[in-house]
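Single-structure report; data block below.
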Amino acid sequence: MDGEYVDALVATAPDGIAFDDLHVTHESDGYTFRTPDVDHSGIDEETLRTVAAESPYVRNWYFWHATAPQKADRWAFLRWLEGAEQRDVAERYDALADGVSATWGELHLTVTLSDGTRTYSIRHRADVDVGTSALDEYDDPLDAREIAKHDDDGGYRPLKTAPSLQTGWAFPELSASEFVTTVDAFYPATIANWHREQEGDLDVTHWRDTVDRQTGIYGVVKTWDRGDGYEHVNWVAEACCDDSQCLKRREWQYDEETELDVDGGSGEFPCREPCSLVIAGARKWTKLEGEQAQTYEFELTPSEKEQIEDIIDAVADGEADDIREADIYEGANRYRTRFLRAKLFDDEGNLGGVETEQ
Amino acid sequence: MDEALVIAAHGSHLNAESSTPTYDHADTIRATGAFSEVRESFWKEEPSFREALRTVDAEEVYLVPLFISEGYFTEQVIPREFRLEDWDPELWDSDGTSATNATLAAEDTAQTVHYCGPVGTHDSMSDVIVQRAESVTGDPDVGEGFGLAVVGHGTERNENSAKAIQYHADRIRARDRFDEVQSLFMDEDPEVDDVADYFESDDIVVVPLFIADGFHTQEDIPEDMGLTDDYRTGYDVPTTVEGHDIWYAGAVGTEPLMADVVLERAADAGADVSAAIEQVREETGGATPATGD
């Protein structure tokens with residue numbers, strides 16, 4: 001290993017090296033080797049080898065050109081994690097000795113440098129202070145696919161970027177390439193899209209274009225747009241694309257000219273088009289919104305009206321299960337709700353005894 | 001040059017197990033090292049069809065649909081979502097069961113994509129159906145004294161859906177291995193509900209031509225055939241229905257040998273994977289060459 005990075009340096013020197021404060025050239029009078037710490041010129045290969053073997057700058061150069069994945073987005077992601085564009089090698093190496101961390105959705109990512117080698121680790125950000133021995137340890141990046149499938153209650157997560165990633169696991173020791181593979185298994189395509197955004201070439205497909213290409217059972221969504229505004233798309237985005245439901249930051253709008261009015265969220269990685277869950281929801285809402293409004297007449301006390309509002313809020317915010325069994329003061333409490341049903345529903349389940357007219 | 005395999009599967013918003021066979025077959029192929037990368041992608045899960053290619057390093061991609069039939073998904077959805085430039089179903093020149101492959105460019109990433117026909121209509125799928133019958137009976141020689149029912153969804157919307165089922169039933173019948181072979185359907189005649197009416201044999205192996213176990217293969221079909229009144233209480237294999245022992249196999253797509261069909265599709269499109277095919281056949285119990293072809 002020690003020989004490897006020195007050999008590589010000697011082999012590459014004739015092409016010239018200028019990377020992260022390391023400058024190496026080979027001219028007729030010998031080698032030049034310059035870092036912020038040392039400055040040699042006209043040295044022979046043997047001296048170059050001696051100098052290079054001791055230099056962290058050479059190990060750093062070798063890592064980024066021979067060890068780290070070379071695909072531009074993965075490479076940039078690893079650079080981002082250790083703040084390579086903000087800190088010089090000396091500062092970075094000091095920090096890396098203690099470990100440098102960042103979050104990526106619900107992931108807590110860490111890179112640590114030890115004996116000149118970078119090691120990566122991943123755990124849930126909620127488990128940052130949990131001892132590793134209390135977590136289930138994994139070393140195969142593809143195990144992340146299974147972990148990502150279920151939340152802490154065992155429920156299926158159809159959306160990988162839902163903020164419900166289960167806790168209790170750790171990938172304590174990954175190589176650079178294993179690390180990016182693991183992140184990509186938890187949050188597919190997020191590195192690629194984040195990088196495109198960094199480079200200024202994220203391709204966003206807005207609502208109208210996404211809907212226009214739907215066929216089959218989803219083709220019906222096209223009928224929802226009738227040239228009369230985009231309020232319905234605001235409702236979709238508010239329902240699905242909020243930070244509480246998805247950790248991607250929504251970059252798609254109604255169309256190229258028309259921004260939606262609701263906030264797109266604050267996630268690190270961009271959402272570049274309505275996802276399959278949004279389209280499936282839109283199909284249902286298209287059908288429901290095709291119905292004509294009816295007037296129903298039944299009586300509620302003010303508290304009963306507020307209670308119905310509380311119930312809708314609790315279900316929409318996923319808080320229904322958090323209401324304590326005996327907390328009769330909460331509108332969405334189960335006993336309160338059962339009382340309301342007992343009082344207001346007839347035998348057919350009609351609210352206020354009023355039939356649903358179609 | 002690096003070559004990647006991308007598997008395109010349906011996936012589900014509701015069922016966690018829908019993606020499991022895709023992961024399993026991808027892992028089997030990954031372990032052979034035949035491709036520099038193996039990538040799963042889904043219609044209903046992530047990575048989505050739309051974004052899968054941008055997560056792949058290689059410039060050359062073999063794209064294999066893990067679908068049973070040729071039709072809506074293979075001819076419209078997958079080429080559209082993967083942004084395959086100049087796609088036209090005519091490029092496959094298929095009669096509904098004879099899709100081959102077409103080489104196209106991806107608009108999004110400029111990769112070269114060898115777009116293959118679905119696993120379900122490949123000839124080697126017949127071997128997987130037979131292998132499934134062997135697995136469920138635990139008998140590598142199963143055939144004599146047995147009837148085989150190949151079950152499909154069937155739908156009036158897509159005539160190719162039934163064609164794939166009939167195609168394999170015909171091919172397996174021609175091998176003279178089982179006493180009887182019949183294709184049956186959920187949503188069209190002849191219906192799987194009446195499975196016992198279509199066979200004389202005392203023992204009937206029922207193999208649904210579905211990629212993943214889910215609502216249809218775990219709930220609908222067992223209840224329709226009378227294996228159980230309530231799928232939640234389970235059923236025996238075999239279960240006796242109207243005097244016949246029904247050996248219900250569940251989705252054929254969960255059979256490990258399916259990984260071989262994915263590789264065969266890529267091989268037909270020009271991928272150099274003969275060693276991987278041999279390895280996968282050996283590991284997944286499909287080493288015996290098919291007979292009757």
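Sequence lines set the chain letters: A, B, ... in the order given, protein chains first and strands last, and positions in each chain run from 1. A quick note: this is a predicted structure, and the numbers were derived from the prediction, not measured.
- When A:Gly216, A:Pro188, A:Pro69 are compared by the number of non-hydrogen pairs under 4.5 Å with chain B, A:Pro188 comes out ahead.
- Within the model, atoms CD of B:Glu37 and OG1 of A:Thr181 stand 9.0 Å from one another, a figure rounded to the nearest 0.5 Å.
- In this structure, chain B has heavy atoms under 4.5 Å from both the backbone and the side chain of A:Leu159.
- Using modelled atom types, no side-chain atom of B:Tyr23 and backbone atom of A:Arg145 make a donor-acceptor pair closer than 3.5 Å.
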Could you please spell out the steps behind the side chain to side chain contact (heavy atoms under 4.5 Å, CB included) verdict for A:Glu273 and B:Ser48?
CA-CA 11 Å; A:Glu273 72 176 26; B:Ser48 69; 5.6 Å; no
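- The neighbour count for A:Asp201 CG, taken as heavy atoms of other residues, nucleotides or ligands under 6.0 Å away, is above 12.
- The parts of A:Thr161 that come within reach of chain B are both its backbone and its side chain, each placing non-hydrogen atoms under 4.5 angstrom from that chain.
- With a 4.5 angstrom heavy-atom cutoff, B:Thr20 touches chain A via backbone and side-chain atoms both.
- Rounded to the nearest 0.5 Å, atoms CD (B:Glu51) and OG1 (A:Thr190) are 9.5 Å apart.
- For A:Ala148, no part sits under 4.5 Å from any heavy atom of chain B, backbone or side chain.
- Using a cut-off of 4.0 Å between Lys/Arg side-chain N and Asp/Glu carboxylate O, B:Arg39 and A:Asp184 are scored as salt-bridged.
- Under a 3.5 Å cut-off, the side chain of A:Arg213 and the backbone N or O of B:Arg80 do not form any donor-acceptor pair.
- Side-chain contact check for A:Asp73 versus B:Arg54: every heavy-atom pair is 4.5 Å or farther apart.
- No more than 12 heavy atoms of other residues, nucleotides or ligands lie within 6.0 Å of CD in A:Glu238, so this atom counts as exposed by the packing criterion.
- Among all heavy-atom pairs drawn from B:Val56 and A:Lys71, the shortest one is O-CE, 3.7 Å.
- Taking both residues in full, the closest heavy atoms of A:Pro158 and B:Ser12 are given as CB-O, 4.5 Å, listed atom of the first, atom of the second, then distance.
- Remark: B:Asp108 engages A:Arg196 in a salt bridge, criterion side-chain N to carboxylate O under 4.0 Å.
- For A:Glu289, the CD atom counts as densely surrounded, since its 6.0 Å shell holds more than 12 non-hydrogen atoms of other residues, nucleotides or ligands.
- Heavy-atom contacts from other residues, nucleotides or ligands closer than 6.0 Å to CD of A:Glu259 number 12 or fewer.
- Note that OH of A:Tyr156 and CG of B:Asn15 are 7.5 Å apart. Values are rounded to the nearest 0.5 Å.
- The shortest distance between side-chain heavy atoms of B:His13 and A:Ser276 falls below 4.5 Å.
- Looking only at distances, a side-chain donor or acceptor of B:Glu46 sits under 3.5 Å from a matching main-chain atom of A:Lys160.
- Open room surrounds CG on A:Asp139; 12 or fewer heavy atoms of other groups in view lie less than 6.0 Å from it.
- Of the two parts of A:Leu277, the backbone and the side chain both hold a non-hydrogen atom closer than 4.5 Å to a non-hydrogen atom of chain B.
- Shown here for A:Thr215 and B:Tyr72, the closest heavy-atom pair between the two residues is OG1-OH, 2.6 Å.
- Of the residues considered (A:Ala189, A:Gly155, A:Ala185), A:Ala189 shows the highest number of contacts with chain B, using heavy-atom pairs under 4.5 Å.
- A 6.0 Å sphere centred on CG of B:Asp230 holds more than 12 heavy atoms belonging to other residues, nucleotides or ligands.
- For A:Phe186, no part lies near chain B; criterion is any non-hydrogen pair under 4.5 Å.
- Chosen from A:Arg74, A:Arg272, A:Arg157, the residue pairing most often with chain B at heavy-atom distances under 4.5 Å is A:Arg272.
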